[in-house]
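Below: one structure, written as structure tokens.
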Amino acid sequence: MTTDDAANYRRIPIEVFNEGNFDRVDELFTDDYVEHAPLPPGWPEGREAVKAFAAALKEGFPDLEYEILQQYQDGDMHIGLIRATGTMSGSFMGMPATNKSATWDEVHIGRMRDGRLAEHWTVIDQLKMLQDLGLTPSPPGA
């Protein structure tokens, strides 16, 4: 396994989320990985939460595509600006399929340790996603 933190950090959205290689989570995340984003009630924690979320996202958006727009590094901390696109042809997080396409941006902050992700924080533009999917109204004139 490489210890190139920046390269491994980029592998996560591509290999785990775009390609659906959920087994890569065990390779790219530490055994004691901590997810700081809120999880739905009853979800597992740690690496199993990532696998469950990636699988649910891929089920809801089978054509999901993450594009890494920018990545920054400061020591062991990495920040990635990512654009997601996909068509909601399956249910996702309790929402029925809309068969509409959406594009939204995400910011991911991660702390790497020995080439693996140890901690993660995120901010996701869920409003834009829900508006694109027709699940919440867009502002007038938008």
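- Residues Met88 and Leu127 do not share a hydrophobic cluster, defined by chaining ILVMFWY side chains whose heavy atoms lie under 4.5 Å apart.
- When all heavy atoms are compared, the tightest approach of Ile68 to Pro13 is CD1-CG, 3.9 Å.
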Side-chain donor-acceptor pairs of residues 93-100 under 3.5 Å, sequence neighbours excluded:
unit_1: Thr98; atom_1: OG1; unit_2: Lys100; atom_2: N; d: 3.2

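- Taking the charged nitrogens against the carboxylate oxygens, Lys51 and Asp23 have no contact shorter than 4.0 Å, which rules out a salt bridge.
- In this structure, CE in Met129 is found 11.0 Å from OG1 in Thr136, a value given to the nearest 0.5 Å.
- Nearest heavy atoms, Asn8 versus Gly115: ND2-O, 2.8 Å.
- When side chains are defined from C-beta on, Asp105 does not count as touching Ile82, because their heavy atoms never get closer than 4.5 Å.
- A 4.5 Å side-chain heavy-atom check between Asp125 and Glu106 finds every atom pair outside the cut-off.
- Taking a 6.0 Å sphere around CG of Asp74, one finds it holds 12 or fewer heavy atoms contributed by other residues, nucleotides or ligands.
- Note that the CZ atom of Phe53 and the OG1 atom of Thr122 stand 8.5 Å from one another [nearest 0.5 Å].
- Hydrophobic clustering (side-chain heavy atoms under 4.5 Å, transitive across Ile, Leu, Val, Met, Phe, Trp, Tyr) keeps Val50 apart from Val34.
- Using modelled atom types, one side-chain atom of Lys58 and one backbone atom of Asn18 make a donor-acceptor pair closer than 3.5 Å.
- Rounded to the nearest 0.5 Å, atoms CG (Leu117) and OH (Tyr9) are 6.5 Å apart.
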- Item | Chi angles and distances behind the ring-ring contact (aromatic ring centres under 6.0 Å, His included) call for His120, His108 | CA-CA 7 Å; His120 175 255; His108 294 270; 5.0 Å; yes
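- If you check the side chains of Thr103 and Thr85, you find no donor sitting under 3.5 Å from an acceptor.
- Nearest approach of Phe22 to Ala55, heavy atoms of both residues: CZ-CA, 3.6 Å.
- By the rule that hydrophobic residues join a cluster once side-chain heavy atoms approach within less than 4.5 Å of another member, Leu57 and Trp43 end up as members of one cluster.
- Of the candidates Arg11, Arg116, Arg47, Met112, Arg11 is the only one forming a side chain to side chain contact (heavy atoms under 4.5 Å, CB included) with Leu28.
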- Item | Candidate pair Phe61 and Trp104, rule ring-ring contact (aromatic ring centres under 6.0 Å, His included), full reasoning | CA-CA 13 Å; Phe61 298 85; Trp104 64 94; 5.4 Å; yes
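- Taking every heavy atom of both residues into account, Ala49 and Leu39 meet most closely at CB-CD1, 3.9 Å.
- Asp132 contributes no side-chain N or O that, together with a main-chain N or O of Ser101, makes up a donor-acceptor pair within less than 3.5 Å.
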- Step by step, would you call Glu15 with Asn21 a side chain to side chain donor-acceptor pair (under 3.5 Å)? CA-CA 6 Å; Glu15 295 179 26; Asn21 294 321; 5.4 Å; no
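- Rounding to the nearest 0.5 angstrom, the gap separating the OG1 atom in Thr87 from the CD atom in Glu65 is 11.5 Å.
- Under the 4.0 Å criterion applied to side-chain N and carboxylate O atoms, Arg10 and Asp4 are not assigned as salt-bridge partners.
- To the nearest 0.5 angstrom, His78 atom NE2 is 3.5 Å from Gln73 atom CD.
- Under the 4.5 Å side-chain heavy-atom criterion for grouping Ile, Leu, Val, Met, Phe, Trp and Tyr, Ile79 is connected to Leu69 within one hydrophobic cluster.
- Across every non-hydrogen atom of Gln131 and Pro137, the tightest pair is NE2-O, 3.4 Å.
- We find the OH-CD distance between Tyr33 and Glu119 to be 9.0 Å, quoted to the nearest 0.5 Å.
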